[in-house]
Colleague: 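Below is one structure. I have some questions about it.
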Amino acid sequence: MRFRGPAEMAFVAVALLCGALVFTWPLAADPGWMLPAPGDALYNSWVLAWVADRAAHGMAGVWDSPVFYPYRTTLAFSDPMLAIGLPFAPAYWVSRNPLVLHNVAVWSSFVIAGTGGYALGRDLTGRRSAGIVCGALAAFVPYRLSHLSHVQILMAGWLWWAVWSVHRYFEAPSLAASLRIALFYLLFALSSFYWAYIGLVPLIAIAGAAAWRRRGPARVWFGHGLAAAAMVAVVLVPVIRSARTLIAPTSAVGGAGGAPSDAADVLSYVSGHPGLWVWGRLLRHGGGETDLFPGLIALTCALAAMAVFRRGSDHVARFWVKVYGALLFLGAAASLGAAPTYNGRVLFRNPVFTWLVSSVPGFAQLRAPARFVVIVQLALSVLAAYGVSAWFTRRSLAPGACAIAAAIVAALVFVEGIGAPIPVLTFTPYQLSGDRALYHWLAQQPAGAVLELPMDGWGVEHHSMVYQYRALIHGDRLVNGVARFAPALPDVLAQGESPAVAADRIPEAVAFLRNLAVRYVVIHPTWYAAASLGGEIRAALSRAAAADPIDFGASSVIDLGAARTPPRLPPVKEIPVQSLQVSATTGEPARMLDGDPLTRWINGRPQSAGDRIEIALARSQDLSGVRMQLLSNSLNDYPRRLEVSVSEDGEGFAACFSGSVFPALGTALRLSPLTPVIELRWPPIHGVRVRLRQTGASRWFWSIHELRLLTPD
């Protein structure tokens, strides 16, 4: 092989792209219609399309993806994959098809991993033939077949480029070389939040080993390291600030954290995808996340490297074989998580992992420690490169023979990893007659939030992902949504006791939606499990909104009107909590007055008529309202029906509010979706005691974080 520089890498890239098209067949047959299945490919393609769309607008509003209205920073509810959507945005700009964008990114991931592995193996061993083997292992390890629907996992190939950059830096330290490390780390880290943590392990270990071996100009290294760290911080800190809303105490999704769950088992390393041509029927199957079998070729070549370089004259090669051998075992240990198991039986507890979960911000969000296997794959690919290089040296093969032998080994690696044809999902957002006209019509209308019905749980199938795709077409904020984490509002609207799913309670739902500033309700009656219910809700929506449905084939749109300005109410002020005494039929009522919104009173049982709260004032005064604060993650605990009454003498009570608080909840969410405050107002009534009595029923508890009484200002 006589290629040099860019031409050499271009040749390798083309070969890898051809391999990727075969590996993922039949995606290439119609990339605008098909995605890898099963898994998250449909959701991931939507995320990438949103990021690509925002890239055309200078990334303006990228974190406020058009789902889960009225919440903000909704892109943080799942992995935003900025380093995938942004570089590959032109594929979306040209095609306007999220599936094309996703599939281009999938194919490119093989090229990125393979070229990075080729460069790393070639430069460490000084042999292009060893680079071929290293690149093949980076690109076509069997693990990748289990993750074709997880493009963020496939993009782990940037790790090989980052490690290559570390080695190149210590060969010729310079500021540009240190910033190149930072660039590749950022591409790796921003492809998936997992990689931001996992990538630090091999990079720090390899940099430390290189520095120890060379004992070079520490002051120069330190300065360059600071520059690289500053570059990483400038890019990552804004991302971290946006994503941290997911784990904040007032997060829209509440307790999203917890101990990582999808850790590998020792036997995961003999588990693989059942569709593998060679090993599919022989290996165990770990369900995707824990299919970690690296392939027999990788293991054989790596063991050869460790055996050959235990003794020998090549001190540099022996040093790096030891380093990558240590990384191999470190990565395998980390992949087993906090409680390593063998065939499901816990072997011991890993205190390091437990400490990381409790002490390192965001680490608890890493659901799958098994993904530390990427360190194992990196180490195996490098060790395999050293192994074949040593074999070629011992055999004294000519360059041409080495290239042929390496190509054979690479072909065997490819065959071990392939499982074509892969299962695919076909998808289009236009699933009913009239859909194309409906959503293009909606795109031309005045802006306004959209709710699509039926909500998930009321149809024959779940359709929120379809609704989410349509938001890319009409461009409005959507109440529905799909993400790894989700706020409570869609569940509140979809559950069986919701006014939005009962035809006789639709007026409550319309009042709620108008207060929430939702303008358009799109209803697909034929998608309800009970078709008659869909028709009844359509008719009820039309009556309650006093608006004729606009029909598009099997679907209809009901325009609730432009968002209304809330009416100007008389000014009020809160009565100081020091002058209040509160009691309740159950729970710890003092928590409602402690000034801490993170604590709450809770009745401790499903809501039923009779739960009661009483507030006694120090003196009689005019009362004009009550405020009940919730948090977004306790949204389902609102009182289903409430009666508020005031007593002037502490014995006789006069009702000042009675009915559903659901419309007031809409206003509360519109004003503050993370800390909604239900405010009920009435004409001033003189009193010394207030009673709140829950008169509805629900499987959910009743809770209040903070309770305040209002008096005219």
Side-chain angles (χ1 to χ4, degrees), residues 68 70-71 249-256 258 451 453-458 462 464 479-481 483 485-509 511-513 515-516 582 584-589 591-592 597-613 626-644 657-670 672-680 691-707:
F68 296 125
Y71 300 96
T250 55
S251 166
V253 296
L451 172 68
L453 298 175
M455 306 283 285
D456 281 353
W458 287 89
H462 285 186
S464 285
V479 175
N480 316 72
F485 302 108
L489 179 56
D491 181 60
V492 169
L493 292 174
Q495 62 184 303
E497 60 195 51
S498 164
V501 299
D504 60 339
R505 297 184 62 196
I506 286 297
E508 286 180 61
F512 169 90
L513 294 173
N515 288 344
L516 188 62
V582 62
T585 50
T586 60
E588 300 179 47
R591 293 187 173 185
M592 290 184 277
L598 299 183
T599 65
R600 59 174 172 164
W601 165 80
I602 188 167
N603 70 337
R605 63 193 182 197
Q607 292 182 39
S608 60
D611 285 328
R612 191 174 66 211
I613 297 169
V626 63
R627 287 175 178 156
M628 296 171 286
Q629 182 185 330
L630 304 174
L631 291 185
S632 180
N633 52 50
S634 60
L635 198 61
N636 261 310
D637 292 351
Y638 73 93
R640 284 343 189 231
R641 298 189 71 81
L642 193 65
E643 180 183 278
V644 183
F657 176 87
S658 181
S660 171
V661 303
F662 197 61
L665 180 62
T667 302
L669 286 166
R670 178 183 178 183
S672 179
L674 297 182
T675 56
V677 177
I678 297 175
E679 181 171 302
L680 305 176
R691 175 179 294 165
L692 282 69
R693 191 164 66 92
Q694 209 287 124
T695 60
S698 171
R699 62 187 177 93
W700 296 92
F701 294 176
W702 179 21
S703 71
I704 300 175
H705 289 258
E706 290 294 312
L707 177 67

Colleague: What do the steps show when you test L451 against N480 for side-chain contact (heavy atoms from CB on, under 4.5 Å), and what is the final call?
Modeller: CA-CA 6 Å; L451 172 68; N480 316 72; 3.8 Å; yes
Colleague: If you compare all heavy atoms of S634 against all heavy atoms of S703, which two are closest, and at what distance to 0.1 Å?
Modeller: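 So the two residues come closest at CB-OG, 4.3 Å.
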Colleague: Below 4.5 Å, heavy atoms only, C-beta onward: do T675 and H705 meet side chain to side chain?
Modeller: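 Result no, sub-4.5 Å side-chain heavy-atom pair not found.
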Colleague: So which heavy atom on P487 is nearest to which on Y71, and how close?
Modeller: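 Result for this residue pair: CB-CE1, 3.4 Å.
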Colleague: Is there a side-chain contact (heavy atoms from CB on, under 4.5 Å) between L669 and N515 once you walk through the steps?
Modeller: CA-CA 9 Å; L669 286 166; N515 288 344; over 6 Å; no
Colleague: With side-chain contact (heavy atoms from CB on, under 4.5 Å) as the test, would you mind laying out the steps for M455 and L453 before giving the verdict?
Modeller: CA-CA 5 Å; M455 306 283 285; L453 298 175; 3.8 Å; yes
Colleague: Atom CE of M628 and atom CE of M592: how far apart are they, to the nearest 0.5 Å?
Modeller: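 So the CE of M628 and the CE of M592 are separated by 10.5 Å.
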Colleague: Could you check whether any side-chain heavy atom of L665 comes within less than 4.5 Å of a side-chain heavy atom of L635, counting everything from C-beta outward?
Modeller: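 Yes. Closest side-chain heavy atoms under 4.5 Å.
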Colleague: Run through I678, L674, N636 and flag the one making a side-chain contact (heavy atoms from CB on, under 4.5 Å) with L630.
Modeller: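 So, applying the side-chain contact (heavy atoms from CB on, under 4.5 Å) to L630 and each of I678, L674, N636, only I678 qualifies.
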Colleague: Report yes if the side chains of P70 and L489 come closer than 4.5 Å at any heavy-atom pair, otherwise no.
Modeller: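 Yes; the side chains approach each other to less than 4.5 Å.
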Colleague: Is there a donor in the side chain of Q495 and an acceptor in the side chain of W700, or the other way round, less than 3.5 Å apart?
Modeller: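 Yes, a side-chain donor-acceptor pair sits under 3.5 Å.
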Colleague: Shortest non-hydrogen contact from L631 to Q629?
Modeller: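 Minimum heavy-atom contact is CD2-NE2, 3.9 Å.
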Colleague: So which atom in V501 and which in L493 form the shortest heavy-atom distance, rounded to 0.1 Å?
Modeller: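 Scanning both residues completely, I find the closest heavy atoms to be CG1-O, 3.8 Å.
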Colleague: Are V582 and W601 packed together at the side-chain level, in the sense that at least one heavy-atom pair is separated by less than 4.5 angstrom?
Modeller: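 No - every pair of side-chain heavy atoms lies 4.5 Å or more apart.
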Colleague: Is there a side-chain contact between P499 and F512, using heavy atoms and a 4.5 Å cut-off?
Modeller: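 The answer is no, as the side chains (C-beta and beyond) never meet within the 4.5 Å cut-off.
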Colleague: Which residue in the set R640, R505, E508, R641 passes side chain to side chain donor-acceptor pair (under 3.5 Å) when paired with S660?
Modeller: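 Only match with S660 under side chain to side chain donor-acceptor pair (under 3.5 Å): E508.
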Colleague: Identify the two heavy atoms, one from L642 and one from T695, that lie closest to each other, and give their separation to 0.1 Å.
Modeller: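 Closest approach of L642 to T695: N-OG1, 4.0 Å.
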Colleague: Compute whether any side-chain donor of one residue and acceptor of the other, for S464 and D456, lie under 3.5 angstrom apart.
Modeller: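 Their side chains do contain a donor-acceptor pair, which is all the 3.5 Å distance test asks for.
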Colleague: Using every non-hydrogen atom in the two residues, find where A486 and F68 come nearest and quote the distance to one decimal.
Modeller: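 Nearest pair, atom of A486 first, then F68: CB-CZ, 3.8 Å.
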Colleague: With distance as the sole test, does Q607 use its side chain to make a donor-acceptor pair with the main-chain N or O of A697 at under 3.5 Å?
Modeller: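 Not confirmed, Q607 side chain does not pair with A697 backbone.
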Colleague: Answer yes or no: is there a side-chain heavy-atom contact under 4.5 Å between R591 and I602?
Modeller: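 No, their side chains stay 4.5 Å or more apart.
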Colleague: Quick one about S698 and E497 (side-chain donor to acceptor, distance below 3.5 Å, no hydrogens or angles considered), yes or no?
Modeller: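 S698 and E497 do have a side-chain donor-acceptor pair below 3.5 Å.
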Colleague: Decide yes or no for Y638 and V492: does some side-chain heavy atom of the first lie under 4.5 Å from some side-chain heavy atom of the second?
Modeller: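 The answer is yes; the side chains approach within 4.5 Å.
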Colleague: Begin with the C-alpha distance, continue with both residues' side-chain angles, and end with the deciding distance and a verdict on side-chain contact (heavy atoms from CB on, under 4.5 Å) for W702 and I613.
Modeller: CA-CA 11 Å; W702 179 21; I613 297 169; 3.7 Å; yes
Colleague: Should D637 and R600 count as side-chain neighbours, where that means a heavy-atom distance under 4.5 Å?
Modeller: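 Yes, their side chains come closer than 4.5 Å.
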Colleague: Would you give the length of the straight line joining atom OG1 of T586 to atom CZ of R612, rounded to the nearest 0.5 angstrom?
Modeller: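 Here the interatomic distance stands at 11.0 Å.
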